[in-house]
Every structure is written in structure tokens, then in C-alpha cells.
Amino acid sequence: MTALHASTSSLGNFFTDGWITTRRNLIKIKRVPDILVFTLLQPIMFVLLFTYVYSGVINIPGTTYTNFIMAGIFAQTVVFGSTYSGSAMAQDLKDGIIDRFRTLPMNGAAVLIGRTNGDLFINAISMAVMMITGFIVGWRIESSFPEAALAVILLLLFAYALSWLMSFLGMSVRSPEVINNVSFLVLFPLTFISNAFVPSDTLPTPLRIFAEYNPVSALVQAARTLFGNVPEGTPVPDVWTQQHPIITVLIGIAIMLVIFVPLSIRKFASISTR
Amino acid sequence: MTFITVSDLAKTYTPKGAGPVHALDGLNLSVPQGTITALLGPNGAGKTTAVKILTTLVKPNSGVATIDGIDVVRYPERVRPIIGVSGQYAAVDENLTGLENLDMVGRLYHLGAKASKARATELIELFDLTEAQNRPVKGFSGGMRRRIDLAGALVTKPRVLFLDEPTTGLDPRSRLGMWDIINSLVGEGTTVLLTTQYLEEADQLADSISVIDDGKVIAEGTSDELKASIGGQRLEISLVTASDSAVATEILRRHGTAEPKISDGGREITVKASHAPAALQAVLAELGDAGIELFDAGMRRPTLDDVFLKLTGHQATTEES
């Protein structure tokens with residue numbers, strides 16, 4: 001009979017516990033078909049729909065619509081991919097499994113680390129699937145490998161930071177349904193009233209102004225620029241965030257992490273069912 | 001030796017759009033090592049809140065709670081390694097298998113990969129879940145989920161086990177199985193604090209019962225002491241015709257320990273009795289001799305409602321807290 005001694009939490013456990021809760025979420029991806037469909041099929045569908053439905057009517061000077069649209073689809077997909085943390089935290093709270101975790105001598109941040117890692121993993125798979133599908137339908141990276149890699153990292157990091165924000169919302173709102181509905185209602189306008197699917201200067205003035213300041217537009221602009229899909233001479237809106245999209249996205253990521261990592265960990269330390 | 005001590009614990013919730021709820025209002029409790037103590041009370045009495053404070057999930061507004069001398073509010077990280085918790089709702093991951101759930105808990109207790117897996121397998125066998133061990137918990141029955149949840153609380157052989165309504169919602173057969181498991185734990189020296197709404201459950205399992213209402217302990221003692229305090233068992237007869245009422249009441253009065261209560265227009269007569277089976281036999285014989293026809297007759301054991309009616313003057317409410 002092995003001695004069964006529980007050891008208390010320490011920094012060393014931060015990594016072990018984080019990995020164990022991450023593994024829990026990875027197993028879930030394998031077992032729940034919905035997540036798999038969301039992760040694999042939806043990105044493929046979006047790439048095909050947007051490129052084939054709109055490429056005939058939307059004309060982008062200097063490049064193809066397929067080249068233009070890919071950064072937009074990447075951004076939209078990873079932004080929506082980050083919402084899963086919110087509903088999953090709310091669901092775990094409802095199911096009482098958060099209570100179980102909180103009575104264990106584990107690191108207090110581990111569940112959140114595992115949760116946001118799960119989203120990161122899903123988003124990484126989605127990115128790979130979209131890029132492959134994109135290549136098949138004619139998307140080309142028109143920059144260097146390091147720039148393209150930076151684009152992928154920016155997209156994933158932005159979504160990762162958003163996962164922490166969503167985790168906090170999930171623990172605060174406590175209802176998976178509300179989280180899903182609210183993120184749908186907020187994120188659809190946020191991703192559509194942007195430069196993701198059409199150049200923002202084609203939008204009516206109020207929407208154009210919203211789109212130019214929209215953080216999603218900065219993300220799309222950064223990715224599009226880094227993939228080399230912005231043809232030379234294309235006018236960029238005279239807005240600081242659009243002129244300096246990469247630094248804007250990095251600042252945005254930093255702000256979200258600085259605020260919501262500590263806030264989520266603190267929230268987690270006091271939540272319980274009911 | 002006292003293992004769990006709770007003194008003057010108070011907790012007030014303020015739900016949105018409603019007045020404050022005093023979940024605990026000066027709770028006192030002491031649980032000796034190696035015994036089962038039951039917190040008996042209706043929904044909303046504060047049982048779950050007490051367990052949540054003791055298991056470090058919720059902080060009280062005032063008062064002190066210690067486990068093995070450790071203050072649970074000040075040193076939650078020192079309490080967590082020695083406790084096991086199994087709640088009202090099975091806190092298991094639906095998408096993991098039974099084995100994976102237990103292994104995850106073991107790993108989070110930092111048992112090490114090998115020891116954790118071995119312990120998980122051992123518990124699966126102990127809880128008779130071998131056939132289902134590699135199926136996701138999603139497909140488990142209610143009783144199986146509870147067993148996995150309880151097994152999760154036992155991964156490290158905790159020194160103290162908290163069971164929050166361990167059998168609420170279970171069918172009678174699963175409930176009996178759960179009782180067997182809980183009883184066997186104390187044989188191994190585990191201290192158990194369990195909450196329940198069922199007098200019968202407290203009766204079967206607990207060495208000592210604390211009756212709780214409105215966030216306070218209103219009575220405590222062994223099951224026998226509590227039953228005695230509310231007058232023990234009752235005899236109940238139901239007559240075919242109300243005209244026999246006077247004669248029957250007289251017979252019951254002679255065999256009871258208090259004045260009989262008459263209802264339903266004289267057709268139903270109830271009386272407290274000290275040794276109910278013998279009293280029932282005598283009453284039936286005399287009623288037979290007197291030629292009185294019975295519609296129904298029997299003994300009634302005290303219920304939680306009786307305890308509450310006696311102790312608080314109100315019925316045990318069943319509203320959600």
C-alpha cells in the first residue's frame with residue numbers, strides 16, 4: 001500500500017497542476033463532438049463560404065479577395081474560440097466541480113491556466129486548419145516566414161488574453177447560456193463592423209468610424225500586414241491604432257492580461273456554487 | 001478528542017433584489033475524532049453553508065472554525081490536504097471516465113503519477129465500478145455518480161470527511177449502498193461530518209446528531225436521546241365508525257403515555273407510547289374483545305417533522321435556501 005500523503009500547494013505545483021487541468025480540457029475536446037466541429041469544420045466552412053460567395057462581388061485593388069479575407073476569418077475565428085473559456089467556467093461552477101477543485105490542495109491559478117490553455121489549443125488547431133484550407137483555395141502569404149509566424153502568434157495571443165477576460169465573465173455571470181448569448185451579441189457586431197471582411201472605407205460613416213477604432217480591426221490589420229496581404233499603396237485609415245496595428249495589438253494583449261489574470265485568480269479564490 | 005470545533009459561526013448572504021439571508025446565525029459544534037456527526041435540518045437551515053465554511057469554500061462573517069486545531073479561515077492551504085469533501089451534487093467531470101476523474105483528483109493532491117493511478121484503480125474496485133471505469137461519467141446513473149464523487153473525496157484517505165447530503169435524490173437501494181460505505185469508513189478511523197434532511201439517515205449513521213434550524217443548533221444528542229425528547233413512537237388507529245370513538249379512546253389512553261389526540265370526527269386516534277409494539281398488541285386485543293372494527297392500525301416512528309414541530313413549533317419547511 002502506497003503512502004497517500006497530500007502535499008500542499010507551492011510554485012512547483014503551478015506547472016504540474018496547470019498541466020493536469022489542461023489535460024482535462026484536452027480530453028474534453030476529444031470526447032465532445034461539438035467542440036471538434038467548432039474547432040475543425042466551422043473554420044473550413046467559413047474559409048470556403050467567404051472566399052467563394054463574396055470573391056466575385058468584392059473587388060480589392062491590388063490583390064484577390066481571398067488574400068484580403070483570410071486575416072479577417074482568422075481573427076473572427078480565434079476571437080470566438082476564446083469565448084469557450086467563459087461558458088466552460090460558468091458550467092464548471094454550476095456543476096460543482098469548481099467546489100471540488102477549490103477544496104483540493106492545488107495551486108489557485110491552475111484551473112484557469114488549464115481552461116485558457118484549452119482555448120489556446122483549440123485556437124491553434126483552428127488556425128492550422130484555416131491556413132491549410134486557405135492555401136488550397138488560393139491564399140498566399142506574401143511576406144516572409146518570420147512575419148507570418150508573428151501574425152499567427154499575435155492572433156493566438158490576442159485570443160488567449162481574451163480567454164482570461166471571458167473566464168472572469170464566466171465566473172461573474174455564472175450562467176453558460178447567458179455567456180454564450182452575450183458573447184454572440186457582442187462579438188458578432190465587433191467582428192463584422194471592422195475591416196475583417198470589407199475595407200473599412202466602404203462602410204457608412206458611423207460604422208466606418210466604429211470600425212477604424214475597433215480593436216478587432218487592429219488585430220486584422222496587424223495580421224493582414226504581417227501576412228503581406230495588404231498591397232502596396234493601399235490607403236490606411238488615419239487612425240493611430242490602424243497606422244500602428246502591431247504595437248496596438250501588443251498593448252491590447254498586455255492590458256487584458258494585466259487586468260484579467262489577477263482579477264480572475266482572485267475571483268476564483270472566492271467562488272462556489274449557488 | 002475534539003477534531004472539529006465550530007464556535008459562534010455566522011454567515012449572511014445578500015442575494016440580489018432581496019433582503020439579507022442569515023444562513024448561519026451563531027452555529028456551535030464539536031465533532032470528536034473518529035465519530036460520525038450528523039447535521040440534521042431542513043433545506044435552508046444552513047447545513048451546506050456550514051460545510052462550505054469548514055471546507056474552505058466560503059468565508060464566514062464572524063466566528064471561528066478549526067479542524068485539528070487549524071483555523072480554516074486563516075490557513076485554508078493547511079486544511080485542504082487533510083479533508084475530503086463529497087457534495088450534494090456529484091462534482092465530477094462528465095466527460096472524463098470514472099478512472100480519469102479519480103486519477104485527476106489524486107494528481108491534484110500531488111500523489112505522483114504512479115501512486116495516483118494505483119489509488120484510483122483501488123477505489124474503483126472498492127466502489128464496485130470496475131465495469132464502468134473506462135466509460136465517461138456522462139453515462140453513469142445517479143448512484144454511480146455519487147459513488148465516484150465519494151471516491152474522489154477518499155483519494156488520500158482524509159482524516160476528516162465532509163458529506164453534504166450524501167443520499168439526497170438517490171433511490172432506496174443506492175441509499176442503502178451508500179450507508180454501508182459510510183459506515184465502513186468510520187471503522188478505519190475517519191472523522192465524518194455529514195448533513196442530511198432525513199432523520200432515518202442520521203439515525204442509521206451518526207454517533208451524534210445536531211439538529212439545526214435557521215443557522216443555529218437547536219438540539220443535540222444521540223439518536224435515542226433526540227427521539228426520547230420528542231416522545232418516541234406513537235400508536236395510530238383508524239375506526240370504521242365514529243360511534244366507537246369513546247370506547248377506543250379509553251383503551252388507547254390506558255396504554256399510552258399521554259392524552260390521545262382525536263381527529264377526523266373521532267375516527268382517527270393517536271397516542272404516544274413508551275414501548276409501542278407491546279402497546280399495539282394489547283390495544284388490538286382489547287379493541288377486538290370490545291368488538292370494534294378497525295379501518296387501519298399501526299405504529300408511527302418520529303419523523304423530522306415531529307422533531308421540528310416539537311423543537312421549533314413550526315413544520316420543517318422544504319423551501320430552497
Side-chain angles (χ1 to χ4, degrees), chain A residues 1-10 12-36 88 91-108 110-111 113-115 118 172-174 268-274, chain B residues 13 15 23 48-49 51-59 75-97 100-101 103-116 118-119 122 136 138 149 152-158 162 164 320-321:
Chain A
M1 180 66 232
T2 339
L4 299 165
H5 290 302
S7 77
T8 44
S9 57
S10 71
N13 293 329
F14 175 83
F15 293 102
T16 332
D17 295 352
W19 161 240
I20 290 160
T21 53
T22 302
R23 198 177 57 175
R24 162 185 179 234
N25 293 315
L26 297 187
I27 293 174
K28 193 172 286 186
I29 298 173
K30 199 171 69 182
R31 300 256 165 84
V32 184
D34 289 6
I35 306 178
L36 217 59
Q91 188 67 49
D92 278 353
L93 193 55
K94 204 170 154 187
D95 292 344
I97 192 151
I98 298 279
D99 278 3
R100 158 77 74 212
F101 285 135
R102 283 200 51 229
T103 60
L104 297 178
M106 62 190 287
N107 188 283
V111 171
I113 301 275
R115 184 59 267 150
S172 307
V173 173
R174 292 168 162 252
F268 183 82
S270 69
I271 51 166
S272 175
T273 41
R274 194 174 66 178
Chain B
Y13 289 104
T48 298
T49 305
V51 168
K52 282 192 171 185
I53 291 172
L54 283 165
T55 56
T56 77
L57 288 173
V58 167
K59 292 203 187 321
Y75 306 107
E77 70 288 346
R78 282 170 58 196
V79 168
R80 286 174 189 150
I82 61 167
I83 63 172
V85 191
S86 180
Q88 198 170 145
Y89 309 99
V92 287
D93 191 320
E94 299 247 304
N95 297 301
L96 301 188
T97 66
E100 283 167 346
N101 264 294
D103 184 39
M104 176 175 73
V105 172
R107 294 298 305 274
L108 292 171
Y109 271 114
H110 311 118
L111 291 185
K114 239 176 132 183
S116 172
R119 180 62 177 158
E122 195 176 76
K138 209 179 285 181
D149 189 59
L154 297 172
V155 165
T156 51
K157 299 197 168 175
F162 294 92
D164 191 15
E320 202 51 54
S321 53

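These numbers come from a predicted model, not from an experiment. Note on naming: letters A, B, ... go to the chains in the order of the sequence lines (proteins, then strands), and numbering restarts at 1 for each one.
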(request) For A:R102 and B:R80, run side chain to side chain contact (heavy atoms under 4.5 Å, CB included): C-alpha distance rounded to whole Å, both residues' side-chain angles, the deciding distance at 0.1 Å, then the answer. (result) CA-CA 9 Å; A:R102 283 200 51 229; B:R80 286 174 189 150; 4.2 Å; yes

(message) Test side chain to side chain contact (heavy atoms under 4.5 Å, CB included) on B:H110 and A:D17; report intermediate values, then the result.
(response) CA-CA 8 Å; B:H110 311 118; A:D17 295 352; 2.8 Å; yes

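Remark: B:S86 engages B:D149, B:L150, B:A153, B:L163 in a side chain to side chain contact (heavy atoms under 4.5 Å, CB included) (not counting sequence neighbours).
Rounded to the nearest 0.5 Å, atoms CD1 (A:I27) and CG (B:L96) are 5.0 Å apart. The OG1 atom of A:T16 sits 7.5 Å away from the CZ atom of B:R107 when rounded to the nearest 0.5 Å. Note: B:D103 CG to A:R23 CZ = 6.0 Å, rounded to the nearest 0.5 Å.
The two atoms that bring B:P136 and A:R31 nearest to each other are CG-CD, 4.0 Å, heavy atoms only. Considering all non-hydrogen atoms of both residues, A:S272 and B:K52 come closest at OG-NZ, 2.8 Å. Contact record, A:G96 with B:A91: O-CB, 3.2 Å, taken as the closest heavy-atom pair.
Within the 4.5 angstrom heavy-atom criterion, atoms from both the backbone and the side chain of B:V85 approach chain A. At a 4.5 Å heavy-atom cutoff, the contact between A:L104 and chain B is made by backbone and side-chain atoms alike. A:T103 touches chain B through backbone and side chain together, each having a heavy atom under 4.5 Å away.
Identified under the salt bridge (charged side-chain N to carboxylate O under 4.0 Å, His left out) test for residues 81-96 of chain B, with sequence neighbours left out: A:R24-B:D93, A:K28-B:D93, B:E94-B:R145.
Under the side-chain contact (heavy atoms from CB on, under 4.5 Å) rule, B:L57 has a single partner from A:T273, A:I271, A:D99, which is A:D99.
Residue with the most contacts toward chain A among B:K114, B:E100, B:K138: B:E100 (heavy-atom pairs, distance under 4.5 Å).
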